[in-house]
Amino acid sequence: MTRWRLGLAAVLALALGLRLWGIRHGLPYVYNSDESGHFVPRAVRFFEDGYDPHYFKNPPAFTYLVHVVFALWFLGRDAVADFARDPSEAFTVARVLAALLGTAAVGLVYLIGARIFDRRVGLVAAAVMAIAFLPVFYSHLALNDVPATVPLALSLLGSAGILVRGRSLDYAVAGIGLGLGAATKYTAGIALVPLLAAALLQLRASGDRRRLLTGLGLAAATSVGAFFVANPYALVDYHAFRHGLAGQSQLAGRHKLGLTEESPLRYYLWTSTWGLGWVPALAAMAGAVLLVVRERALAALLVPAPLLFLVYMITQERFFGRWLLPLFPFACLLAAYAAVAAADALGRGRPRLMAPALATAAVALTAQGLVYSVHNDVILSRTDTRTLTRAWMVEHVPAGSEIVLEPAVPPRWLNDENGRRWRRNRLDLQVENYARRLRPTFVDDYLASGACWVVRASTVSGRAFAEPDRVPNAIAYYNELERRGRVVFHATPYGSDPVPFNFDWSFDYYPLPYDRPGPEMTVYRLRGPGCG
């Protein structure tokens, strides 16, 4: 027992270390637009505006949790004033909370594996979850993707208990996890599938329909109760909730400029090769097949949910790697099952080979994730290219100058201790429509308004060059900018060859050519009247 506890403690310590390393990246500037615009600012706003989020495109459970942590952390202080003065402390606290929740998900994966298989499967699955790139990277951000894996895994743990024991407590745990998961991120509602599968399998084993109905009633009550406790205004303001949910669905179904892969299935299969890793992704597929052949009941618990989730996701027009995170607990368990089964097969009749075989399998499952997660943590610990660009501009662009700044930085980036340092040109647009509205004549407009400095970011311009046929005017604009502007500063995140624009790899720094975080940043000084 002690060795398993020590092994789990080591895995959890590694998971937390990887998630905390580089946790202050970018601060005091929050460069991820989802992080800067959603959960933390809204959690701070609750101190002044009450607890109605007035926003349901993302469910508010994580926002409420962040607010509770802020209430304790900033006890006796004015959290709103502190946040307005410098958001670094608040974002650090929220990111640490996300990292702790990500580590808790690793522990829950161990418990699930130990409950339905054995401790070996549980420990190997936890190790894969601890090290895999996507959950490690997104544990560095105060977003709801990683936190949602905790209630999802909790629900799966309850569903495993329903299958194995069928106690009322198991139904309650599965229901609570389902409700909290859906209140954290809507797609975590996929936990309903293993819950129903476990209940039906328990009915087949026991034949007790009354017990089934009682259990399902308890699961339904606890899930609905947990959902509305964590998202009360979904009931209080049902119209806004329904409108927000529909808006999120419409957004996911709308093309995003820069998405060059036409097949979401290919995109998600590709994502699994780096977000989870080649070996664990293939092992998860093998584990699913092996379970179907050997353990139909366990297969019903672990296999249908990720398949149904994937079927739903490939119907959407937009696709991002992090949207796969609800599948990771399932995939890690299936991969670990395959690895342990392979070790057992090799050790059959040769017991001395079993331990080395299992250790080799565990290394194979985690090696890729460890290399890339450590590399990413090193990158996040270095100064962002946008911060380097700002430091150069402080030295070389006079305060009060009018600048053209692409939407790749937060508004605070323009400020200093005396307030607004530079004036942003009125022709700047929001990132979603920026490239679609660019015209080469804008350069003349900049000169006419006295804007001599143009700051370009590859995460913005890269969208246009990824799909030039959709935005020919934007391509003409950038060509005009190159012709009439002089490059006075350039910051690159790459130590070697640049990485082509991609909505994952341009923002999460997985590729090894990255040497620091951020996009390529270029500052132009326009040639023309008044610009010298």
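Because the structure is a prediction, the values reported are computed rather than measured. The first residue of the sequence shown is numbered 1, and numbering continues consecutively from there.
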query = What are the two closest heavy atoms between L27 and S88, and how far apart are they?
reply = CD1-O, 3.7 Å
ask   = With a cut-off of 6.0 Å (strictly less than), are more than 12 heavy atoms of other residues, nucleotides or ligands near CH2 of W73?
value = no
key: Heavy-atom pair of closest approach, residues P517 and I379   = CD-O, 2.9 Å
inquiry  = For T222 and Y171, which I'm curious about, is there any donor-acceptor pair between the side chains at under 3.5 Å?
reply    = no
query = Does Y312 offer a backbone N or O that forms a donor-acceptor pair with the side chain of T315 under 3.5 Å?
reply = yes
message = Once you measure the plane-to-plane angle for F39 and F62, does it fall in the parallel (<30°), tilted (30-60°) or perpendicular (>60°) bin?
response = perpendicular
request  = Using a strict cut-off of less than 4.0 Å between a Lys/Arg side-chain nitrogen and an Asp/Glu carboxylate oxygen, indicate whether D170 and R165 qualify as a salt bridge.
outcome  = yes
inquiry  = Would you say R24 and T92 are linked by a side-chain donor-acceptor pair, where the criterion is simply a distance under 3.5 Å?
reply    = yes
message = Just checking F46 against Y64, ring centres under 6.0 Å apart?
response = yes
query = Which pair of non-hydrogen atoms, one from P28 and one from P87, has the smallest distance, and what is that distance?
reply = O-CG, 3.7 Å
query = Step by step, would you call W270 with W274 a ring pair (Phe, Tyr, Trp, His ring centres under 6.0 Å)?
reply = CA-CA 7 Å; W270 168 75; W274 57 270; 5.4 Å; yes
ask   = Any donor-acceptor pair under 3.5 Å linking the side chain of R115 with the backbone of L111?
value = no
key: Contact check, side chains of R119 and Y110, non-hydrogen atoms, under 4.5 Å   = yes
key: Pairing of R120 and D344 as salt bridge, 4.0 angstrom limit   = yes
remark   = In short, L290 meets A341 closest at the heavy-atom pair CD2-CB, 3.5 Å
request  = List the steps, then state whether ring pair (Phe, Tyr, Trp, His ring centres under 6.0 Å) holds for F133 with Y372.
outcome  = CA-CA 7 Å; F133 179 82; Y372 284 89; 7.2 Å; no
ask   = Distance from L157 atom CG to L152 atom CG, nearest 0.5 Å?
value = 11.5 Å
ask   = Where do W323 and F320 land on the ring pair (Phe, Tyr, Trp, His ring centres under 6.0 Å) test, with the steps shown first?
value = CA-CA 6 Å; W323 287 0; F320 304 102; 4.9 Å; yes
task = State whether Y29 and R386 meet the cation-pi test: NZ (Lys) or CZ (Arg) under 6.0 Å from the six-membered ring centroid, and within 45° of the perpendicular axis.
result = no
inquiry  = Is it the case that the side chains of Y267 and D504 hold a donor-acceptor pair, with the cut-off being a distance below 3.5 Å and no angle test?
reply    = yes
Flag for H140-N376: side-chain donor and acceptor within less than 3.5 Å = no
task = Can you see which heavy atom on A94 is nearest to which on V66, and at what distance?
result = CB-CG1, 4.2 Å
query = Do you know which two heavy atoms are closest between M129 and P135, and how far apart they sit?
reply = O-CG, 3.9 Å
query = Looking only at side chains, do S381 and W21 share a donor and an acceptor under 3.5 Å apart?
reply = yes
query = Looking only at atom types and distance, does a side-chain atom of Y514 sit under 3.5 Å from a main-chain N or O of W505, one as donor and one as acceptor?
reply = yes
ask   = Do F465 and F501 have ring centroids that are under 6.0 Å from one another?
value = no
